[in-house]
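Shown next, in structure tokens, is the structure this report addresses.
Just so it is clear, the model here is predicted, and its values are computed rather than measured. Atoms within a ligand are numbered from 1 in the order they appear, just like the ligands themselves.
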Amino acid sequence: MLPAAAPPRGRQLFASPGPTNFPDSVLNAIARAASDFNDPAFRVAYASCMEGLKRLIGTRQHLFMYTSSGHGAWEGTMVNLFERGEKVLMIESGLHSDDWALMCEGLGLTVEHLQADRRVGVDVSHLREVLRADSAHLIKAVCVVHNETATGVTVPIAGIREAIDASNHPALYIVDAVSSIACSEITMDVWRVDALIGSSQKGLMQPVGLGFTAVSERALARHRQIDAPNGYFNWKTMLARPQRSFCGTAPNNLIFGLSEALRLIQEEGEGNLYARHRRLAGGVRAAAAAWSRGGGPYLYCLQGDRVSQSVTTIVMPDGWDAEPLRALLRGRFNVLLASGLGDLFARTFRIGHMGDLNEAMILGVLSCIELGMRALGIPHGDGGVQAALDHFSVS
Ligand SMILES: *Cc1c(COP(=O)(O)O)cnc(C)c1O
């Protein structure tokens, strides 16, 4: 069963944790003639995106959108809330917290790193100690990635809020929810998050290109006091514009797409949406548990109550590189697994299960991983697909 020379046929099963699959109706919504921001249809779609996104993330406060990827939303958030030289605390989770911290440093901020075991995520009591020790309140923000897309480990956003409160620390609370929005429940106002960062190409099932930050009143008050650079991301400029977002031409077609995706989410119902993500993630983990019993690939995440509903990171057995398996799946079966990120590149592969997916797609992916492991002689326990079937038949 060697890779065929001919290109594989059939639909590609795309198990990527971003970008994710586009529903056909989203593609159809995007495929329309150019319009400007005075177009009545655009105004309706824009208003429905503002309202739908706010409902989805549980806020009644402010929302600013940018034509950008998630990196732009990071930048837009940091430049509007902090001045050069100010200190932020970055909770370590994996590649995304590393990259976000590097960006903060590049913008002239001082970053204090709160270290964590990446297979477990932050120790909340450690955070409490660090905040208590900062009696001069030099830390202006606690920054955390809700769902670390590199590791498949999540952190408790409510628990971190409690730690900030318990230490009586006035730091702003900034959450990257890029890969948890529309995959697990987000309640920004209940959690008293001050800035919640998202982008279009993960659970929201869009092409990359729309970044956004939801902002609390408290954070907006800080923004008004500081000397933020008057560049593309400036919130004051956005507030003065009719669409209260986009310091430039609005990405109209993406807004039409997002409006349709939010309609699909509402049609499914948030409870069903999150249950589906939990179910699909559970099936993937059931398969990984079976494989690991035969000395095969195993879960990267070590803590059962912190497993991601969006993506599963799987570690190869010692001595085995993940890339030949990924290459075989892509070339022979037309199944796209995501690579590991950063220093996990060769040791892990990732199965994205966020957005427009169902059991049939996940079972197809898991089946082809088993076929691939057989073909390459990778040791693994039997019955991964069976374990996923068992999971789906009861959950
Ligand atoms: C994808 C992602 C980002 C943003 O990445 P972009 O490629 O710039 O869109 C940020 N944080 C997390 C957790 C992500 O998964």
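Screening His113, Met90, Met103, Arg118 for a side chain to side chain contact (heavy atoms under 4.5 Å, CB included) involving Asp98 leaves a single residue, Arg118.
Summary of contacts: the protein heavy atom closest to atom 8 (O) of ligand 1 is His71 ND1, 2.4 Å. Counting protein heavy atoms only, atom 11 (N) of ligand 1 is closest to Asp176 OD2, 2.6 Å. Scanning the protein for heavy atoms near atom 4 (C) of ligand 1, the closest one is Gly70 CA, 3.5 Å.
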Derivation and outcome, ring-ring contact (aromatic ring centres under 6.0 Å, His included), residues Tyr66 and Tyr232: CA-CA 9 Å; Tyr66 330 102; Tyr232 173 69; 7.1 Å; no
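Each of the following atoms of ligand 1 lies closer than 4.0 Å to a heavy atom of Ser179: 13 (C), 15 (O). Short contacts between ligand 1 and Val145, defined as distances under 4.0 Å to a heavy atom of the residue, involve ligand atoms 13 (C). Within ligand 1, counting atoms from 1 as listed, the ones closer than 4.0 Å to a heavy atom of Asn147 are 13 (C). For ligand 1, the atoms lying closer than 4.0 Å to a non-hydrogen atom of Thr149 are 12 (C), 13 (C), 14 (C), 15 (O). Within the listing of ligand 1, atoms 6 (P), 8 (O), 9 (O) sit less than 4.0 angstrom from a heavy atom of Ser69.
Few gaps surround CZ on Arg218; more than 12 heavy atoms of other groups in view lie less than 6.0 Å from it. Heavy atoms of other residues, nucleotides or ligands lying less than 6.0 angstrom from CZ of Arg161 number more than 12.
Under a 4.0 Å heavy-atom criterion, Lys202 is in contact with ligand 1. Contact between Asp99 and ligand 1 is absent, with no heavy atom of the residue lying under 4.0 Å from the ligand. The closest approach between any non-hydrogen atom of Gln201 and ligand 1 is below 4.0 Å. A heavy-atom separation below 4.0 Å is found between Trp74 and ligand 1.
Shortest non-hydrogen contact noted between Leu81 and Ile226 is C-CD1, 3.4 Å. Of all heavy-atom pairs between Thr149 and Met354, the closest is CG2-CE, 4.5 Å.
No close placement of the His353 and His277 rings is indicated, their centers lying 6.0 Å or farther apart.
Of the N or O atoms in Val208, none lie within a sub-3.5 Å distance of an N or O in ligand 1.
Relative ring orientation between Trp100 and Trp74 is described as parallel, the plane-to-plane angle staying below 30° on a 0-90° scale split at 30° and 60°.
Once rounded to the nearest 0.5 Å, the distance linking CG of Leu336 with CZ of Phe14 reads 5.0 Å.
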